[in-house]
Every structure is written in structure tokens, then in C-alpha cells.
Peer 1: 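Take this structure, written in C-alpha cells, and hold onto it; I'll ask about it next.
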Amino acid sequence: MRRTPAYTYARIWSVVEQIPLGYVATYGDVAQGAGIPGRARSVGYALHALPPGIEIPWHRVINGRGTISLSGHAAREQARRLRVEGIPVVGMRIDLKAYRWRGGNRSLRH
DNA sequence: GCAATGACGCTCT
DNA sequence: CAGAGCGCCATTG
């Protein structure tokens, strides 16, 4: 299967759709789940290119440091939505250790 | 087709 | 914790 660029987008979006309410995932996690490990950047690009009006929990995607990568109004919007879903956002930071979504059902890391 | 840009990640300072 | 450097790759001018 070749990784046609535009095709990767749909793949990324479909992974983001699977993030359960109350949890968050990092760009790297989404990339891995989409079958393109190491291309976290592309994930950010894909989300930025999200068609308006489409129902995808983009706000549940944050960077590997556990902070929101957006800025200005967009950042506030994301933080607000996360809090609404029960995820505490301190400063621009989320407790990844407690809210990071693990694809599948792993209780232990590694 | 090359150069610059970006909702990123990891390591080292 | 903040900055700098390097890798990665899709999109745009």
C-alpha cells in the first residue's frame, strides 16, 4: 500500500475520531495509529487542513509534551472543550500520564 | 523543481 | 523549564 499523501489525511482523521471522550492523544500517537510512525508533523498538518463542519474531536490531540500546540483563540477553544469533557487543563498543559489514550487496551506501558 | 513553512518529536545544553 | 539542533514530510509560492 502506498502512502498517497491525501490518503494519509483520511487515515489520520479516522484515528482521531476513535479517541474516546475524556482522553487525549499526542500527534505522535495518532501518527503511529495511522500507520505513519514518526510523521507527527503530518498529523498536525492534516488536522489543520480539516474541512469545516466535519465532526472530529481534533481538540483531543495535543503534542508530546502534554501541552496545546495551538495559539491564541484556537488554543483557548481547545482547552475549553477539553475541560468540558472532564480533562483538567492547567496553563496550556494536560496530565498525559493520566489522560493519554492508549490505542487498544494496555494497562502497562512498554 | 527548489525553498520556505508548519496544530511535531527527541536529544542535548 | 527554555532554547537550539536535527529529522520528517506535505503543502504552497
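Below, chains carry the letters A, B, ... as their sequence lines are ordered, and counting in each starts from 1. Both backbone and side-chain heavy atoms feed into the values below; hydrogens, waters and symmetry mates do not.
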Peer 1: Provide, to the nearest angstrom, the distance between the CD1 atom belonging to I19(A) and the C1' atom belonging to dA7(B).
Peer 2: 13 Å
Peer 1: Whole angstrom is fine here: how far is it from CZ in R93(A) over to P in dC1(C)?
Peer 2: 5 Å
Peer 1: For the side chain of R93(A) and the backbone of T67(A), is there at least one donor-acceptor N/O pair under 3.5 Å apart?
Peer 2: no
Peer 1: Please determine whether a side-chain nitrogen or oxygen atom of R39(A) lies at a distance below 4.0 Å from atom OP1 or OP2 of dG6(B).
Peer 2: no
Peer 1: Using the closest heavy atom to pick a nucleotide of DNA chain B for each, name whichever of N63(A) or Y45(A) lands nearer the 5' end.
Peer 2: Y45(A)
Peer 1: Taking a hydrophobic cluster as the set of Ile, Leu, Val, Met, Phe, Trp and Tyr residues connected by side-chain heavy atoms closer than 4.5 Å, whether directly or through intermediates, do L96(A) and L21(A) fall within one such cluster?
Peer 2: no
Peer 1: Please give the distance between the C1' atoms of dG6(B) and dG7(C) as a whole number of Å.
Peer 2: 14 Å
Peer 1: What integer distance in Å separates Y27(A):OH from dC8(B):P?
Peer 2: 5 Å
Peer 1: From CD1 of I12(A) over to P of dC8(B), roughly how many Å is that when rounded to an integer?
Peer 2: 13 Å
Peer 1: Is it true that E77(A) and R81(A) make a salt bridge, defined as a side-chain N closer than 4.0 Å to a carboxylate O?
Peer 2: yes
Peer 1: Would you mind reading off the distance between R11(A) atom CZ and dC9(C) atom P, rounded to a whole angstrom?
Peer 2: 17 Å
Peer 1: Using whole Å, what does the distance between atom C1' of nucleotide dC8(B) and atom CZ of R100(A) come to?
Peer 2: 13 Å
Peer 1: Verify the contact: side-chain N or O of Y9(A) to OP1 or OP2 of dT11(C), cut-off strictly under 4.0 Å; return yes or no.
Peer 2: yes
Peer 1: Just the rounded figure in Å: distance from P of dC1(C) to CZ of R65(A).
Peer 2: 10 Å
Peer 1: So, is S42(A) near the phosphate of dA10(C), with a side-chain N or O under 4.0 Å from OP1 or OP2?
Peer 2: no
Peer 1: Report whether I68(A) and V90(A) are members of the same hydrophobic cluster (ILVMFWY, side-chain heavy atoms less than 4.5 Å apart, transitive linking).
Peer 2: no
Peer 1: Using whole Å, report how far CZ of R60(A) lies from C1' of dA7(B).
Peer 2: 17 Å
